[in-house]
Amino acid sequence: MTFTLVDRILYNGHIRTLDDRQPVVSAMAIHGEQIVAMGSDDEIRALAGAGTVQDNLNGRHVVPGMTAAHVHWQLLTNALHEVRMFNLPSKQAALD
């Protein structure tokens, strides 16, 4: 049985770190759902074990952030078809 601390490596990229000491790197190592190391392609690829998946980013960018692909489509489509007049000062302003 082989144990690998690094499950996945992304390399040959333009990876933003949000760390002023090292704002951009070309590679990162991932274990589970955590980034465990960042640095040059050579530094990070040296961490690979037999079971590590290595993905060549081909110069693509990686930007940290949280993404929630969560939208209430019915509420959104209803809102796009509504005219909101709650804060208008008068009926005439609403008609205008």
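Because the structure is a prediction, the values reported are computed rather than measured. Residues take their numbers from the sequence shown, with the count starting at 1. Values below: all heavy atoms of this structure, side chains included; hydrogens, waters and symmetry mates excluded.
Residues passing the ring pair (Phe, Tyr, Trp, His ring centres under 6.0 Å) test with His61, sequence neighbours excluded: His14.
Note that CD1 of Ile30 is 12.5 Å distant from CG of Leu5, once rounded to the nearest 0.5 Å. To the nearest 0.5 Å, atom CE of residue Met28 and atom CZ of residue Arg8 are 10.5 Å apart. With rounding to the nearest 0.5 Å, the separation of CD1 in Ile35 from OG1 in Thr17 is 9.5 Å. For the atom pair Ile15 CD1 and Arg60 CZ, the distance stands at 11.0 Å (nearest 0.5 Å). In this structure, CG in Leu57 is found 8.5 Å from OH in Tyr11, a value given to the nearest 0.5 Å. One finds the CD atom of Gln92 at 4.5 Å from the CG atom of Asp96 (value rounded to the nearest 0.5 Å).
Smallest separation of non-hydrogen atoms from Ala37 and Leu47: CB-CD1, 3.8 Å. The two atoms that bring Asp41 and Asn12 nearest to each other are OD1-N, 2.9 Å, heavy atoms only. Of all non-hydrogen atoms in Pro23 and Asp20, the two that sit nearest each other are CD-O, 3.6 Å. The two residues Ile9 and Ala48 have their closest heavy-atom pair at CD1-CB, 3.8 Å. The shortest non-hydrogen separation linking Ser40 to Ala27 is O-CB, 3.7 Å. When every heavy atom of Gly39 is checked against every heavy atom of Gln22, the shortest pair comes out as CA-NE2, 4.0 Å.
Residues His31 and Asp7 have side chains in contact (heavy-atom distance under 4.5 Å, counting atoms from C-beta outward).
Val83 and Leu80 are assigned to two separate hydrophobic clusters, defined by single-linkage of ILVMFWY side chains at heavy-atom distances under 4.5 Å. Clustering ILVMFWY residues whenever any of their side-chain heavy atoms sit less than 4.5 angstrom apart, transitively, puts Val25 in the very cluster that holds Val62.
Residue Arg16 places its CZ atom among 12 or fewer non-hydrogen atoms of other residues, nucleotides or ligands, all under 6.0 Å distant. The number of heavy-atom neighbours closer than 6.0 Å to CD of Gln74, taken from other residues, nucleotides and ligands shown, is 12 or below.
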